[in-house]
Protein chains: 2
Amino acid sequence: MERLDDIFFYTLEKSIKSYRQFAQRAMLKQGFKLTIDQWLVLKAIMDNPDWNQQAIADASFKDFASVTRIIELLVKKGFLTRAIHPTDRRRFLLTPMPKAEQDLKAMRPITEQNRKTALKGISEEQLALLHQYLTRIIENCQNS
Amino acid sequence: MERLDDIFFYTLEKSIKSYRQFAQRAMLKQGFKLTIDQWLVLKAIMDNPDWNQQAIADASFKDFASVTRIIELLVKKGFLTRAIHPTDRRRFLLTPMPKAEQDLKAMRPITEQNRKTALKGISEEQLALLHQYLTRIIENCQNS
DNA sequence: CAAATATAATTGTTATATCAATAAAATGAA
DNA sequence: TTCATTTTATTGATATAACAATTATATTTG
């Protein structure tokens, strides 16, 4: 019988879930009122202020609908303001509030520490290899 | 600036999401009316018929509440029946219907093929290494 | 035994994923 | 310019994740 723990994709799923749970706990403990996903989308927006929501969705590897809803929450929580786009009325102009910049910056050392803790015992070279294999899996799945 | 694609945990997340999407599409295309998560929980139950729902939740690495709801759906879809447990009235006795056995069995070659496709270009040794590193990450996160 | 505690499962709430349907605005072609 | 098409985003429905509160039953302890 094939045990779940022996199934590679089960372990893959469990690893990212474990990390998410760990990172989310750490973030909340430091008083940041953001989910991992909100952080991810906020970062994508700050890094690419001119992109539309579809591009943000692609960048954060999220569904368009999810991005719409996550942005709503980020606006409600005071991280973003949303205004009609000056040249394309279908779009919105997303403007980060000072809080967004501050919190992302303040979160950086925590994020760094989380990653370090999660990757303890894995060398740079091993990590690079892992990264490469995972990228290969992504390609395989997206082209099939 | 740190790009999302360079963040290891982002790639980790993207890889499992890509696989899920790919595997779910393949499963639906073959006419199986199950989600990946329902499949996972059903398999855990079939492999461990005597376990209670909390043990099933642990095995499938899911929240208790999620398992309750997934089981409801599996019952509604005719994969399981649920009766009061003969010796412990807090528990339920979950009994797989013939359909469950049949579908899991019929799905096996598809699952095999999915895995093969997703892992194309990665050797057995590399996979074992990957598996080992991911297990390490899980331990690191769960003990922190 | 009775009261306190522990266990098994459900329910409620909010956030996200996925898919389908829809609305509004922009663009392109006749 | 007008009509068809495309693009951008939202909304609705169902499934799952996480966390808290609750219910029912079992077990332990005094």
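So you know, we letter chains A, B, ... as the sequences are listed, proteins then strands, and number each from 1.
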Near-strand residues of residues 100-108 of chain A, defined as heavy-atom separation under 4.0 angstrom from DNA chain D: none
At a cut-off of 3.5 Å, list every protein nitrogen or oxygen paired with a nitrogen or oxygen from nucleotides 21-25 of chain D, distance to 0.1 Å.
residue : atom : partner : partner atom : Å
dT25(D) : OP1  : R89(B)  : NH2          : 3.3
dT25(D) : O2   : R90(B)  : NH1          : 3.4

Should I7(B) and L12(A) be counted in the same cluster of Ile, Leu, Val, Met, Phe, Trp and Tyr side chains packed under 4.5 Å apart? no
Which distance, rounded to the nearest 0.5 Å, do you find between the CD of Q21(B) and the CG of D63(A)? 9.0 Å
Heavy atom of residues 43-74 of chain B under 4.0 Å from DNA chain D: which residues? K62(B), D63(B), A65(B), S66(B), R69(B), I70(B), L73(B)
Taking the nucleotide of DNA chain D with the nearest heavy atom to each, does R82(A) or Q24(A) sit closer to the 5' end? R82(A)
Nearest non-hydrogen partners of V67(A) and K62(A), listed with the distance: CG2-CB, 3.9 Å
In plain terms, say whether D37(A) and R20(A) are close enough for a salt bridge, that is, a side-chain N and a carboxylate O under 4.0 Å apart. yes
How many whole angstroms separate atom NZ of K17(B) from atom P of dT16(D)? 16 Å
Output the residues of residues 26-40 of chain B in contact with DNA chain C, where contact means a heavy atom of the residue under 4.0 Å from an atom of the strand; sort by number or write none. none
Are the side chain of R136(B) and the backbone N or O of L119(A) linked by a donor-acceptor pair below 3.5 Å? no
Tell me whether Q24(A) contacts the main-chain N or O of I36(A) through its side chain, where contact means a donor paired with an acceptor under 3.5 Å. yes
Considering only heavy atoms of chain A and a distance under 4.0 Å, specify the first and last nucleotide of DNA chain C in 5' to 3' order that meet this criterion. dA15(C) to dA26(C)
Side-chain donor/acceptor of N143(B) to backbone N/O of E139(B), under 3.5 Å: yes
K14(A) NZ to dA18(D) P, straight-line distance once rounded to whole Å: 13 Å
Could you see if L40(B) belongs to whatever hydrophobic cluster contains I110(B)? Use Ile, Leu, Val, Met, Phe, Trp, Tyr and a side-chain cutoff under 4.5 Å. yes
Taking only residues two or more places apart in sequence or in another chain, which ones pass ring-ring contact (aromatic ring centres under 6.0 Å, His included) with F22(A)? none
Assess, by modelled atom type and distance only, whether the side chains of T117(A) and Q113(A) contain a donor and an acceptor separated by less than 3.5 Å. yes
Quick check: on DNA chain D, is the nucleotide nearest E13(A) upstream (toward 5') of the one nearest R91(A), or the reverse? Name the residue that is more 5'. R91(A)
